[in-house]
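Predicted, not measured: the structure shown is a model, and the values here were computed from it. Heavy atoms only: backbone and side chains are in, while hydrogens, waters and symmetry mates are out.
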Amino acid sequence: MALLLRAATWGRFPWRGYCTRGPQGALGKDFVEALKAVVGGPQVSTAAAVREHHGHDESMHRCQPPDAVVWPQNVDQVSRLAALCYSHGVPIIPFGTGTGVEGGVCATQGGVCINLTRMDRITELNTEDFSVVVEPGITRKALNAHLRDSGLWFPVDPGADASLCGMAATGASGTNAVRYGTMRDNVLNLEVVLPDGRLLHTAGRGRHFRWPRHSPALYTPGPRKSAAGYNLTGLFVGSEGTLGLITSATLRLHPVPEATVAATCAFPSIQAAVDSTVQILQAAVPVARIELLDDVMMDACNRHSKLNCSVAPTLFLEFHGSEQALAEQLQRAEEITQHNGAASFSWAKEAEERSQLWAARHNAWYAVLALAPGRKAYSTDVCVPISRLPEILVRTKEELKASGLTGAIVGHVGDGNFHCILLVDPEDAAEVHRVKAFADQLGRWALALQGTCTGEHGIGLGKRQLLQEEVGAVGMETMRLLKATLDPRGLMNPGKVL
């Protein structure tokens, strides 16, 4: 009870009340000098342009920038920075590549942004154990480039070249999740600096154990399992920087497939495309990727990425395995899509052609933005059980047309996750309200179908009410108790999730 009272007391008094500050709300000079003493003067900036750059991500959410940006070089400096901020009651906002879409890096109460991108080493590679240890500045593309000659790769692919520890913090997913799982399935251990500067290894120092949980990634060997105590690693994966700063991640790796084939097929309707998706999965075809792009999205991708695909609801698929297995998978998938009225089923084996297709898919966000220059994009992120996917996608397409909003549908339909990318004029308050209302309604449709309001982007600033509706009063109370225990002053990325 004393802990809860203390947490509540801190929450009533903004940090500006107990931290010396200079003119225009900037941090006091003495505190800035203390930051410089930890990391060196060149690694601290209070310049307006730098602060503004670190005060937003790819989302529409906007708020005040942090009061200072700091670039630590190692975990000891991160620990000392956290302890300094904690002792002075200054909020801490972790920052990676800034590619999130839920406002997770917005400085709702000012404070210090800790940019972790200069901690960019791969510190340990265990090829025999299928694991690697990375610092927070390493991105997924950099890791896979390093692994190129090892016969291994890291498959979680959200599209953007996000930092791997940032991906862990947001519980990221992506196009390969249907076969290889999400970050929750591929993070084995985390090194976390807690708000007061203490260092935690969530699975124990140096351990590469894997929790005995269900995972779609059943096709490759993995590290040994563990049933030792609470799953602290799982607690921090998806915590969105609200519980601590992730300074190192031990990740599960997978063997590079012997052969890879990509395929596309266009359909007469969203219903036909989604029915094919469900039937391919029910037939146990081990598809590695299966992505849906509606007609609006295909038109945008054709223009932006110079494709020549049909402007119709389309599936992008990819298959991994042996040459013989791929031939069987392609045949079975083609039969299913033709049964559902697919106009064509074309496949590409050459790496260059496959890369062009997936580059177009990964650039879908920018392709939609190019449809209306000057507008911003707002992305929904619902996920439902596969059996309910046709119902919600057909309804979403109909409601999107009826709403008069400009938007496209794209999604990782192999695991029930899809996005509406809606274009909006941020200066048009009425349109912003309509977009937000549509997104909230879509989230509630997903909840009514036993789904979730966020399959991979996280809660951030915009989905806190939907989170309450999803997990209920007891769930929210439990999360708040965990937050109060680990961060009693409420200094870690305040205003997010809860």
Side-chain angles (χ1 to χ4, degrees), residues 14-16 19-29 31-36 38-73 78 81-82 84-85 88-120 136-137 139 160-163 165-166 169-170 240-242 245 365-366 369 373-379 423-429 432 436 457-458 460-462 491-497:
W15 69 279
R16 291 176 179 82
C19 176
T20 302
R21 294 169 62 79
Q24 290 82 49
L27 291 171
K29 181 178 179 181
F31 187 83
V32 173
E33 290 303 314
L35 294 174
K36 293 179 179 179
V38 174
V39 297
Q43 312 304 324
V44 178
S45 179
T46 56
V50 174
R51 293 165 46 232
E52 178 64 29
H53 171 72
H54 287 79
H56 63 85
D57 54 16
E58 295 279 2
S59 72
M60 285 177 50
H61 298 292
R62 292 292 182 268
C63 52
Q64 71 182 75
D67 295 298
V69 180
V70 183
W71 289 266
Q73 312 296 302
V78 177
L81 288 170
L84 177 64
C85 291
H88 287 77
V90 176
I92 302 167
I93 304 97
F95 190 96
T97 57
T99 55
V101 292
E102 291 296 342
V105 300
C106 292
T108 59
Q109 299 176 23
V112 173
C113 173
I114 298 184
N115 184 318
L116 297 162
T117 56
R118 294 180 186 173
M119 295 173 60
D120 57 359
T139 66
D161 190 23
S163 63
C165 288
T170 56
E240 302 186 43
T242 62
L245 298 112
W365 175 271
Y366 303 104
L369 282 171
R375 292 199 165 200
K376 298 293 184 181
Y378 186 102
S379 178
L423 293 177
V424 58
D425 177 359
E427 303 303 321
D428 185 337
V432 170
K436 187 66 168 63
H457 293 166
L461 288 170
L491 299 177
M492 282 304 310
N493 210 9
K496 318 301 166 44
V497 184

field: Verdict with reasoning, V90 to L491, per side-chain contact (heavy atoms from CB on, under 4.5 Å)
entry: CA-CA 7 Å; V90 176; L491 299 177; over 6 Å; no

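- Taking all atoms of both residues into account, the shortest heavy-atom contact from I93 to G104 is CG2-O, 4.5 Å.
- The distance from atom OG of S59 to atom NE2 of H457, rounded to the nearest 0.5 Å, is 11.0 Å.
- Nearest heavy atoms, M60 versus V424: SD-CG1, 3.0 Å.
- Between P91 and G110 the shortest heavy-atom distance is CB-O, 3.8 Å.
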task: Carefully, step by step, assess K496 and L461 under the rule side-chain contact (heavy atoms from CB on, under 4.5 Å).
output: CA-CA 5 Å; K496 318 301 166 44; L461 288 170; 3.8 Å; yes

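- Shortest non-hydrogen contact noted between A169 and G241 is CB-N, 4.4 Å.
- A 4.5 Å side-chain heavy-atom check between L116 and S163 finds every atom pair outside the cut-off.
- Between H88 and F31, the ring planes lie perpendicular to each other; the angle is over 60°, past the 30° to 60° tilted range.
- Here the shortest heavy-atom pairing between V39 and P72 reads CG1-CA, 4.0 Å.
- Side chain of T108 to backbone of P494: a donor-acceptor contact under 3.5 angstrom is found.
- Remark: side-chain polar atoms of E58 are not paired, donor with acceptor, to backbone N or O of V101 under 3.5 angstrom.
- The shortest side-chain heavy-atom distance between L27 and V112 falls under the 4.5 Å cut-off.
- Taken from OG1 in T97 to CG in N115, the straight-line distance is 9.5 Å, to the nearest 0.5 Å.
- Between the side chain of D161 and the backbone N or O of T139 there is no donor-acceptor pair closer than 3.5 Å.
- N493 contributes a side-chain N or O that, together with a main-chain N or O of E240, makes up a donor-acceptor pair within less than 3.5 Å.
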- request: With side-chain contact (heavy atoms from CB on, under 4.5 Å) as the test, would you mind laying out the steps for E102 and T170 before giving the verdict?
  value: CA-CA 10 Å; E102 291 296 342; T170 56; over 6 Å; no

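- Using the six-membered ring where Trp is involved, H53 and F95 have ring planes that are tilted, between 30° and 60° apart.
- With contacts defined as side-chain heavy-atom distances shorter than 4.5 Å, the pair D67/T46 does not qualify.
- Counting only heavy atoms from C-beta outward, the side chains of C113 and V105 never approach each other to under 4.5 Å.
- The line from CD1 of I114 to CG of L81 is 5.0 Å long, rounded to the nearest 0.5 Å.
- Between M492 and P94, the shortest heavy-atom contact is CE-CG, 3.8 Å.
- Although no hydrogens or angles enter the test, the distance criterion places no donor-acceptor pair under 3.5 Å between the side chain of D57 and the main chain of G98.
- Not one N or O on the side chain of K376 forms a donor-acceptor pair closer than 3.5 Å with the backbone of H61.
- Within the model, atoms NE2 of H54 and SG of C106 stand 13.0 Å from one another, a figure rounded to the nearest 0.5 Å.
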